[in-house]
Amino acid sequence: MKLKVPDYIQSIRVYKPGKPIEELEREYGIRNSVKLASNENPLGSSPAAVAAMKAAMEGLHRYPDGRGYYLVEKLAARFNLSAECVVLGNGSDEIIGMLTRSLLEPGDEAIMTEPSFLMYEIMVMSCGAVPVFVPLKSLFVDFESIAAQVTDKTRIVFLNNPVNPTGTIITKKGFEAFLEKIPGHVVVVIDEAYIEFAKDPDCLDGIAYCTGDRPVVVLRTFSKAYGLAGIRIGYGLMPAAVAGLLHRVRQPFNANSLAQAGACAALDDNDFLNRTIHFVHGELEFLYAGIERLGINYFPTEANFFLIDVQQDADAVFEAMLRQGVIIRSMVSYGYPRYIRVTAGLRKENEAFLKAFATVMDSTGGA
Ligand SMILES: *Cc1c(COP(=O)(O)O)cnc(C)c1O
């Protein structure tokens with residue numbers, strides 16, 4: 001086919017999602033496999049959210065409320081912000097795209113850590129803008145190096161707290177010193193997809209900054225701790241002036257009616273959220289203990305996933321784990337050729353992981 005395609009679109013790396021369970025079972029002819037690859041909620045979804053979505057099925061012939069009134073009001077009240085500061089998205093992924101589309105021209109620069117969430121790079125490149133990568137330093141965000149990369153062309157800095165895939169955090173102190181060093185027009189995005197799991201008291205809470213005089217944007221999602229990844233709903237909190245830009249490029253009905261109903265109910269279901277957080281923390285301890293027994297190094301996390309140093313080609317370990325029916329992530333494409341990333345699952349899933357991992361590491365002579 002003859003197409004005229006911009007070079008910057010041709011050179012976008014395609015996002016590789018975690019392998020779906022059905023696909024693994026089909027390809028390998030196995031059953032009862034376990035997926036610990038996409039940082040999903042092992043406890044499922046809030047029952048209250050599921051009930052609310054079932055009730056909302058009655059109204060599916062209607063377009064959704066394009067403003068998402070109830071959810072926006074609920075979020076604004078929860079965080080003590082004006083409703084004008086809240087923007088809903090079809091997942092927080094979509095808000096990343098709204099930010100890049102409304103802020104970036106071809107040739108502009110957006111800074112992000114390396115590794116970081118691939119959607120930043122994809123959305124920046126979709127606009128013909130330039131992603132500028134700043135390596136993490138011993139798995140942590142290196143603010144000094146980020147500040148040093150700011151130029152006249154810099155429009156956005158993408159931060160992620162806790163960091164995916166390392167599970168490290170940004171501290172309040174580190175962030176404040178950084179904010180002082182960068183020009184006032186640069187939009188600083190703090191993607192807090194895993195913030196609910198963070199325990200460290202020094203962890204930055206980005207919401208404190210998104211009503212100030214600086215363009216700071218906080219992204220949050222219902223996909224992880226709230227267990228609603230499949231319905232696609234996330235939100236951004238930001239100064240009203242930035243929200244106004246996003247509304248210009250936003251699709252009018254981007255947050256669907258089931259998602260709005262489910263998210264409203266999920267926000268009220270503190271019991272499910274607290275159970276999830278407590279459960280994940282307990283299972284991380286269980287996994288750490290199992291990996292320590294194997295004499296293998298891992299990196300403790302502030303999120304619901306963590307890195308393990310397999311001391312050999314992580315792609316080979318990923319493949320060998322697949323054959324054992326366990327889906328994890330190889331970090332080769334993230335620039336960590338010897339690390340894998342594992343999400344805390346149910347106890348029986350974590351047991352299956354440890355058993356398979358012991359077998360794989362034993363047979364490959366790792367550790
Ligand atoms: C999972 C994740 C998200 C959430 O994406 P949704 O589109 O809301 O499902 C955002 N950022 C990071 C870093 C993530 O890992």
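Note that ligands are numbered from 1 as they come in the structure, with each ligand's atoms numbered from 1 the same way. Keep in mind the model is a prediction, meaning the values are calculated, not measured. The first residue in the sequence is number 1, and the count goes up from there. Hydrogens, waters and symmetry mates are skipped; everything else that's a heavy atom, side chains included, is used.
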Could you establish whether R232 and ligand 1 come within less than 4.0 Å of each other, counting only heavy atoms on the residue side?
yes
Should Y194 be listed as contacting ligand 1, given a heavy-atom distance under 4.0 Å as the test?
yes
Strictly by modelled atom types, are Y120 and D191 linked by a side-chain donor-acceptor pair under 3.5 Å?
yes
Protein contact to atom 1 (C) of ligand 1 [nearest heavy atom, distance to 0.1 Å]:
K224 NZ, 1.2 Å
Heavy-atom contact under 4.0 Å between G234 and ligand 1?
no
Salt bridge flag under 4.0 Å for residues R232 and D93
yes
Could you tell me which atoms of ligand 1, counted from 1 in the order shown, lie closer than 4.0 angstrom to a heavy atom of N160?
13 (C)
Checking heavy atoms under 4.0 Å, the part of D93 that sits near ligand 1 is both
Only one of V332, L307, V310 passes side-chain contact (heavy atoms from CB on, under 4.5 Å) with I340; say which it is.
V310
Any idea which part of M119 is under 4.0 Å from ligand 1, heavy-atom wise: side chain, backbone, both or neither?
neither
Do K355 and E351 meet the salt-bridge criterion of a basic N to acidic O distance under 4.0 Å?
no
What residue and heavy atom of the protein are closest to atom 11 (N) of ligand 1, and at what distance?
D191 OD2, 2.6 Å
Protein residue, atom and distance nearest to atom 4 (C) of ligand 1, heavy-atom basis
S92 OG, 3.3 Å
Lys/Arg N to Asp/Glu carboxylate O, R31 vs E25, below 4.0 Å
no
Do the ring planes of F222 and Y235 sit parallel (below 30°), tilted (30 to 60°) or perpendicular (above 60°)?
tilted
Need the ligand 1 atom indices (1-based, order shown) with element for anything under 4.0 Å from a heavy-atom of A193.
2 (C), 3 (C), 10 (C), 11 (N), 12 (C), 14 (C)
Note: G66 and F253 closest approach over all heavy atoms is CA-CD2, 4.0 Å
Heteroatom proximity flag, T221 to ligand 1, N/O under 3.5 Å
yes
In ligand 1, which numbered atoms sit nearer than 4.0 Å to a non-hydrogen atom of G91?
6 (P), 7 (O), 8 (O)
Backbone, side chain, both or neither: what part of S223 comes under 4.0 angstrom of ligand 1, heavy atoms only?
side chain
Could you check whether the rings of F175 and F178 sit parallel, tilted or perpendicular, using 30° and 60° as the cut-offs?
tilted
Using atom types as modelled and distance alone, determine if a side-chain donor or acceptor of D362 lies under 3.5 Å from a backbone N or O of A358.
no
